[in-house]
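Accompanying notes for the structure given below.
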Amino acid sequence: DAGVIQSPRHEVTEMGQEVTLRCKPISGHDYLFWYRQTMMRGLELLIYFNNNVPIDDSGMPEDRFSAKMPNASFSTLKIQPSEPRDSAVYFCATVGSDRNNQPQHFGDGTRLSIL
Amino acid sequence: GDSVTQMEGPVTLSEEAFLTINCTYTATGYPSLFWYVQYPGEGLQLLLKATKADDKGSNKGFEATYRKETTSFHLEKGSVQVSDSAVYFCALTDSWGKLQFGAGTQVVVTP
């Protein structure tokens with residue numbers, strides 16, 4: 001089992017640039033979650049998908065953030081334009097259909113630095 | 001809404017000491033409860049879970065019991081090792097199936 005795979009592991013870019021974070025879920029998992037982790041705010045849920053459909057995007061901070069899941073094997077989180085305050089670690093996590101009782105599996109995260 | 005409160009860190013211990021991290025929750029229903037661990041530079045990993053009252057989760061010498069009467073899920077380990085140094089998160093699944101995390105507790109174990 002390959003686990004949840006995120007890329008890139010690290011991204012450093014200048015403000016104003018477009019940033020795309022990628023996630024490959026565990027095969028067979030129906031739910032995919034995007035989180036952001038910062039020292040100030042801890043872990044925040046940004047958006048989650050069920051069977052590739054966005055269910056709750058109330059955590060997405062601004063219109064600069066968007067997420068897609070074009071198929072069951074791939075999701076992206078895009079920031080355009082990026083700002084220094086977007087610097088954080090972004091995690092993708094997935095879980096199967098019994099999301100209430102089964103644990104979410106996390107990727108190793110993307111550490112994003114916006115200069 | 002549902003929420004989790006856990007003790008603030010950092011918690012600094014000597015090797016072989018006893019570790020307790022307190023966690024209490026507020027929930028309208030009967031959530032599943034989890035402890036996750038995050039090692040430096042890595043994502044969160046499930047440490048243990050409990051899905052109903054009085055269940056005890058255990059893994060790698062860590063234990064936690066789902067206490068409905070005190071709405072608690074305290075994490076314990078009898079003898080910590082340097083390799084247990086990490087950040088520990090208590091979490092529950094709310095009525096929408098979303099994870100609600102505590103703020104995390106950093107544990108530092110010294111030789």
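To find a chain, count down the sequence lines: A is the first, B the second, and so on, and within it residues start at 1.
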Under 4.5 Å from any heavy atom of chain B, what part of Tyr35(A) do you find: side chain, backbone, both or neither? side chain
Same apolar cluster: Phe106(A) and Leu48(B), side chain cutoff 4.5 Å: no
Determine whether Ile114(A) and Leu46(A) fall in the same hydrophobic cluster, where Ile, Leu, Val, Met, Phe, Trp and Tyr are linked whenever their side-chain heavy atoms lie under 4.5 Å apart. yes
Measuring from Asn100(A):CG to Lys98(B):NZ, what's the distance to the nearest 0.5 Å? 12.0 Å
What part of Leu46(B) lies closer than 4.5 angstrom to a heavy atom of chain A: side chain, backbone, both or neither? side chain
Would one find more than 12 heavy atoms of other residues, nucleotides or ligands at under 6.0 Å from atom OH of Tyr39(B)? yes
Rounded to the nearest 0.5 Å, the CD atom of Gln37(A) sits from the CZ atom of Phe101(B) at a distance of 9.0 Å
For atom CZ of Arg64(A), decide whether the heavy atoms of other residues, nucleotides or ligands shown that lie under 6.0 angstrom number more than 12. yes
Check this for me: Glu8(B), atom CD, are more than 12 non-hydrogen atoms of other residues, nucleotides or ligands nearer than 6.0 Å? no
Who among Gly42(A), Pro103(A), Cys92(A), Ala93(A) has the most heavy-atom pairs with chain B under 4.5 Å? Pro103(A)
So, the part of Gln100(B) with a heavy atom under 4.5 Å from chain A: the answer is neither
Chain A: which of Leu44(B), Leu92(B), Asp94(B) shares the most heavy-atom pairs with it under 4.5 Å? Leu44(B)
Do you reckon Phe49(A) sits in the same ILVMFWY cluster as Met60(A), going by side-chain contacts under 4.5 Å, direct or chained? yes
Side chain, backbone, both or neither of Asp56(A) within contact of chain B (heavy atoms, under 4.5 Å): side chain
Side chain proximity check, Leu99(B) to Leu43(A), heavy atoms < 4.5 angstrom: no
Check whether any side-chain heavy atom of Gln104(A) lies under 4.5 Å from a side-chain heavy atom of Phe34(B), and answer yes or no. no
Classify the side-chain pair Ser32(B)/Asn101(A) by whether it contains a donor and acceptor separated by less than 3.5 Å. yes
Evaluate whether atom CG of Asn71(A) has more than 12 neighbouring non-hydrogen atoms of other residues, nucleotides or ligands under 6.0 angstrom away. yes
State whether the number of non-hydrogen atoms from other residues, nucleotides or ligands found under 6.0 Å of Glu69(B) atom CD is greater than 12. yes
Using non-hydrogen atoms and a 4.5 Å limit, figure out which bit of Arg41(A) sits close to chain B: side chain, backbone, both or neither. neither
Mark yes when over 12 heavy atoms from residues, nucleotides or ligands other than Glu62(A) sit less than 6.0 Å from its CD; otherwise mark no. yes
Contacting moiety of Gln102(A), where chain B heavy atoms sit under 4.5 Å: both
